[in-house]
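Since the structure comes first, as structure tokens, the remarks are kept for the end.
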Amino acid sequence: MNSHTGRSAFDAAGWQPVDDWASVEGRYIEIYRHGVQIDRGVVDAVTADGTILWLMQDGALPRRIIEQLPGTYIRGG
């Protein structure tokens, strides 16, 4: 997992890295790729194997698909 310069601030707020993506359905998460936050929102659905999730975004687009690729990780509160 990549380190993020604001990591201690997130950890202090209760944000933790999530290894099991299948466990985040319905939770608010942040998505990082190579240590840079690329999106955040509520997980609408997750595949049974946890390799793909659908994110209801905070931004202009209503829904986005996220694939668990090398260098991509999520943090949830």
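Remember, it's a predicted structure, so these values are computed and weren't measured experimentally.
Here Ile66 contributes atom CD1 and Ile31 contributes atom CD1; the two are 3.5 Å apart, rounded to the nearest 0.5 Å.
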Apply side chain to side chain contact (heavy atoms under 4.5 Å, CB included) to residues Val18 and Arg27 and explain how you reach the verdict. CA-CA 11 Å; Val18 177; Arg27 290 177 53 191; 4.2 Å; yes
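Here the shortest heavy-atom pairing between Arg40 and Glu30 reads CB-CG, 3.9 Å. Across all non-hydrogen atoms, the minimal contact from Gln37 to Tyr32 is N-CD2, 3.3 Å. Across all non-hydrogen atoms, the minimal contact from Ala45 to Arg63 is CB-NH2, 4.4 Å.
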Please tabulate, for side-chain N and O atoms in residues 48-56, each donor-acceptor pair with protein atoms closer than 3.5 Å (sequence neighbours left out).
unit_1, atom_1, unit_2, atom_2, d
Asp49, OD1, Thr47, OG1, 2.7
Asp49, OD1, Thr51, N, 3.1
Asp49, OD1, Thr51, OG1, 2.9
Asp49, OD2, Thr51, OG1, 3.3

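Using a 4.5 Å heavy-atom threshold, the side chains of Gln68 and Ile74 count as separate.
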